[in-house]
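The structure appears right after this line, and notes come after that.
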Amino acid sequence: MSDSKNLSSAVLAFIVGACMVFSPATAHDIVPGAPQSKPIVIRNATLHLGNGTTIENGSILFEDGLISEVGASVRLPESAQVIEGAGKHVYPGLIDAYTDLGLREITAVDVTIDNVERGELNPNVRSWVAFNPDSELIPVGRSGGVMLAHVVPGGRSLQGQSGVMQLDGWSYQDMLLEGPVGLCVNWESVVPRGGDSKEKAKRYDEQIQELDDLFERARRYGESIAAEESVATDVRLESLLPVINGERPVFVEADRLGAIESAIAFFTSRQIPMVICGGADAMHCVEHLTAHDIPVILVATYRLPRRRSDPVDALYSLPSKLREAGVRFAIAGEGSGYPGGASNIRNLPYHAGVAVAHGLPREEAVRAITQSAAEILGVADRVGTLTAKRHATLIVVDGDVLESDTRVIDAYVQGRKVDLGNKHKQLYRKYEQLP
């Protein structure tokens, strides 16, 4: 009995020890902000409205989570908290328009990754349901000024539905701003690379036919529901109805010219609204993009050229060229499917900063990570600009947000003050004490 008890104790000790050693990720201990309880006025600051304009020595008033007034001067409610903003800059909360934040924690640890569903045709998958509100990467992103994220599922072919998340809250329900935003499709996997040309063509035709059949089934399913016929519920077909009816766009992951052109041909012929995500070769088919008014979410401007013949700054200068060509675009960080992914969401403003160094006007770069992103994602009526009646989701910084030495001093999500602590700062303070 004694030996059995000792063995049980040893086994228990081993399990506890193993959990401590091999635990892949822990929840951050930062408490979400409390609801705004009194009016807040930030005055004498430089206001970057997000629409391409600024107000020097301006003031902003927000109450009950919404912006009330913005301008050279605003009213001062009797109970207002006044924040002196001299020398400071106020921006709308930055929006990462294409990321797997909350779905992928540590790329090398499988159990922390929940961004891909089994199979290739998963239009019913909802990214926000799997979103981890306690991800350690969220506070890190907030310290870089990112207050909102378009969270997309990964995988091949039809990946699922995406959602826009606010980066503060107790649960995914608290943090969800809009969902679904649209259907995410990996078109790079539809258009084959390399290999035998006949085999590639055959595989491509098979995949197109498979998608076409699924969309046609969804259309007939919708017609049956509209006719009040008795049909068995099919969540896959039901999730496609808003897309084929033109109510929501398809976010098409495509970098290569062939993939972009193929996607445009497929979706425009079916009158399905679309957004190109990635877009490295967007300038090579700009006439198609402008003809159909297709916006582009440029993922990670700080990338190497795709071709040996491309100039070294091909992707750095791409935002400026798209602007000149009249293509609507937003800039995202290293999004879903890219090596850094969500762990590099903090670098979003620097991707926009690289574009400024290569021809994009500074306030247009700010717009690319605020208002333009909000417009493409369909949430510009609530976020993306410092405008009356919009959410008080904003950041206060001590310099140009596009510069790496700028610090975010204060941040608010719907008027709730956000704790800007994170693991990086904690470790910095720890090792600052190293003898």
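Hydrogens, waters and symmetry mates play no part in the numbers below; they use all other heavy atoms, side chains included. In what follows, residues are counted from 1 in the order of the sequence shown.
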### Task
Might you work through the side-chain contact (heavy atoms from CB on, under 4.5 Å) test for I95 and V164, ending with a clear yes or no?
CA-CA 9 Å; I95 305 171; V164 174; 5.6 Å; no
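- Salt-bridge formation is detected for the pair R303/D255: a Lys NZ or Arg NE/NH1/NH2 atom is positioned less than 4.0 Å from an Asp or Glu carboxylate oxygen.
- Looking at H150, its side chain does come within 3.5 Å of a backbone N or O of A97 through a donor-acceptor pair.
- Residues G333 and V299 share a closest heavy-atom pair of O-CG1, 3.2 Å.
- Counting non-hydrogen atoms of other residues, nucleotides and ligands closer than 6.0 Å to CG of D381 gives a total above 12.
- Using modelled atom types, one side-chain atom of N422 and one backbone atom of H424 make a donor-acceptor pair closer than 3.5 Å.
- Remark: R104 CZ to T112 OG1 distance equals 9.0 Å, nearest 0.5 Å.
- No donor-acceptor pair under 3.5 Å is formed between the side chain of N122 and the backbone N or O of N124.
- Closest heavy-atom contact between L298 and G279: CD2-O, 3.8 Å.
- Around OH of Y302, the count of heavy atoms belonging to other residues, nucleotides or ligands within 6.0 Å does not exceed 12.
- Going from atom NE2 of H358 over to atom CG of L318 covers 12.0 Å, rounded to the nearest 0.5 Å.
- Atom CG of L103 is separated from atom CZ of F131 by 7.5 Å, given to the nearest 0.5 angstrom.
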### Task
Report the C-alpha separation of L101 and D96 in whole Å, then their side-chain angles, then the decisive distance to 0.1 Å, and conclude whether the side-chain contact (heavy atoms from CB on, under 4.5 Å) test is met.
CA-CA 10 Å; L101 180 71; D96 194 315; over 6 Å; no
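- L66 pairs with exactly one of R390, K389, H391, Q36 by the side chain to side chain contact (heavy atoms under 4.5 Å, CB included) rule, that one being H391.
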### Task
Given side-chain contact (heavy atoms from CB on, under 4.5 Å), test R43 with V82 step by step and report yes or no.
CA-CA 7 Å; R43 64 185 184 187; V82 179; 3.5 Å; yes
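- Nearest approach of L386 to V90, heavy atoms of both residues: CD1-O, 3.7 Å.
- Within 6.0 Å of CD on E432 lie more than 12 heavy atoms contributed by other residues, nucleotides or ligands.
- Without hydrogens or angle criteria, Q166 side chain to M147 main chain gives no donor-acceptor distance under 3.5 Å.
- Under a 3.5 Å cut-off, the side chain of D281 and the backbone N or O of H284 do not form any donor-acceptor pair.
- Rounded to the nearest 0.5 angstrom, M274 CE and F266 CZ are separated by 10.5 Å.
- The nearest pair of heavy atoms linking G384 to A374 is CA-CB, 4.1 Å.
- Here the side chain of N245 pairs a donor or acceptor atom with the backbone of L241 at under 3.5 angstrom.
- Summarising the geometry of S59 relative to L47, their closest heavy-atom pair is O-CD1, 3.5 Å, with the distance given to 0.1 Å.
- When K417, R416, Q414 are each tested for a side chain to side chain donor-acceptor pair (under 3.5 Å) with D168, only one passes: R416.
- Atom CZ of R75 has more than 12 neighbouring heavy atoms from other residues, nucleotides or ligands inside a 6.0 Å radius.
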### Task
For Y412 and V418, run side-chain contact (heavy atoms from CB on, under 4.5 Å): C-alpha distance rounded to whole Å, both residues' side-chain angles, the deciding distance at 0.1 Å, then the answer.
CA-CA 5 Å; Y412 300 85; V418 175; 5.7 Å; no
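- When atom types are taken as modelled, the side chain of R236 and the backbone of L121 share a donor-acceptor pair closer than 3.5 angstrom.
- Residues passing the ring pair (Phe, Tyr, Trp, His ring centres under 6.0 Å) test with F267 are W187, sequence neighbours excluded.
- T53 approaches N51 most closely through the heavy-atom pair OG1-OD1, 2.6 Å.
- Between the CD1 atom in I260 and the CG atom in L289 there is a gap of 7.0 Å [rounded to 0.5 Å].
- Within the structure, salt bridge (Lys or Arg N to Asp or Glu O under 4.0 Å) contacts touching residues 178-192 (residues at least two apart or in different chains) are E178-R382, E188-R193, E188-R256.
- Judged by distance alone, the side chain of R346 and the main-chain N or O of S343 form a donor-acceptor pair under 3.5 Å.
- One distance of note links CD1 of I40 with CG of L61; it measures 9.5 Å at 0.5 Å rounding.
- Using a distance-only test at 3.5 Å, with no hydrogens or angles considered, no donor-acceptor pair links the side chain of S262 to the main chain of G258.
- Using cut-offs of 30° and 60° for the angle between ring planes, the Y91 and H48 rings count as parallel.
- One finds a salt bridge joining R362 and D400 here, because a Lys/Arg side-chain nitrogen approaches an Asp/Glu carboxylate oxygen to under 4.0 Å.
- Of the possible polar contacts, one joining the D398 side chain to the R407 backbone as a donor-acceptor pair under 3.5 Å is found.
- Applying the side-chain hydrogen bond (donor to acceptor under 3.5 Å, both in side chains) criterion to T387, with sequence neighbours excluded, gives T385.
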